[in-house]
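The block underneath contains the structure these notes are about, expressed in structure tokens.
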Amino acid sequence: QVQLVESGGGLVQPGGSLRLSCAASGSIFRLNVMAWYRQAPGKQREWVATIVPGGSTTYADSVKGRFTISRDNAKNTVYLQMNSLKPEDTAVYYCKNVENGYWGQGTQVTVSS
């Protein structure tokens, strides 16, 4: 059974940092394309970043230069390091296994003073 469990969300001040984690099970993680998405209140879910098995990454323009997606295949975990956070980054963040379409349950990130 495929399972994705996110963690690491919370409340942070503008300009601060957070690192999200997504622990995966039930698939051959090292072969899977993984992605992070987010959904702000009243808005549609939007793509944030993708990482392929070889480690290449792509980012949405809104987070480029501030967020970093990475993976540890030995731990079956994908990460999202978020720096220079802005209030507009406030959202529920979800990880997705792009190969099979499974989503995690999400973790709340709130950027506020």
Nearest 0.5 Å please: distance from the [atom1] atom of [X] over to the [atom2] atom of [Y].
X    : Y    : atom1 : atom2 : answer
Q108 : Q39  : CD    : CD    : 10.5 Å
Q105 : S7   : CD    : OG    : 8.5 Å
I51  : C95  : CD1   : SG    : 12.5 Å
N32  : N97  : CG    : CG    : 4.0 Å
L4   : K96  : CG    : NZ    : 11.0 Å
Y93  : T107 : OH    : OG1   : 10.5 Å

Are [X] and [Y] in a cation-pi setup, meaning NZ or CZ lies under 6.0 angstrom from the ring centre and within 45 degrees of the ring axis?
X   : Y   : answer
R45 : Y94 : yes
R19 : Y79 : yes
R71 : F29 : yes

Discussion item. If you apply the rule side-chain contact (heavy atoms from CB on, under 4.5 Å), what do you find for S62 with R38, and how did you get there?
Written reply: CA-CA 12 Å; S62 59; R38 67 186 181 185; 3.5 Å; yes
Worksheet item: Do you know which of T58, T57, V78 makes side chain to side chain contact (heavy atoms under 4.5 Å, CB included) with T50?
Response: T58
So [Y] and [X], do their side chains get closer than 4.5 Å, heavy atoms only?
X   : Y    : value
Y59 : V48  : no
F67 : L85  : yes
N76 : S25  : no
P87 : S112 : no
Y37 : W103 : yes
Q81 : S17  : yes

Practice prompt. Start with the C-alpha gap between Q13 and V111, add the side-chain angles, then the distance that decides, and say whether side-chain contact (heavy atoms from CB on, under 4.5 Å) holds.
Written response: CA-CA 5 Å; Q13 291 187 342; V111 185; over 6 Å; no
Discussion item. For the CD1 atom on I28, are there more than 12 heavy atoms of other groups (residues, nucleotides or ligands in this structure) within a distance under 6.0 Å?
Written reply: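 Open: at most 12 neighbouring heavy atoms sit under 6.0 Å from CD1 of I28.
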Discussion item. Does E88 have more than 12 heavy atoms from other residues, nucleotides or ligands lying within 6.0 Å of its CD?
Written reply: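 Yes, because the 6.0 Å sphere around CD of E88 holds more than 12 heavy atoms from other groups.
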Worksheet item: Is there a chain of hydrophobic side chains (I, L, V, M, F, W, Y, each step under 4.5 Å between heavy atoms) that links V2 to M34?
Response: yes
Item to complete: Check whether V52 and W36 end up in the same hydrophobic cluster, where Ile, Leu, Val, Met, Phe, Trp and Tyr are linked by side-chain heavy atoms less than 4.5 Å apart.
Response: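 Hydrophobic grouping puts V52 apart from W36.
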Worksheet item: Is the shortest side-chain N to carboxylate O distance from D89 to K86 below 4.0 Å?
Response: no
Practice prompt. Carefully, step by step, assess L20 and V109 under the rule side-chain contact (heavy atoms from CB on, under 4.5 Å).
Written response: CA-CA 9 Å; L20 307 182; V109 171; 4.0 Å; yes
Worksheet entry | A35 versus V98, closest heavy-atom pair with distance |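 In terms of heavy atoms, the two residues are closest at CB-CG2, 3.8 Å.
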Worksheet item: Does a side chain donor of either D72 or T77 reach within less than 3.5 Å of an acceptor in the other side chain?
Response: no
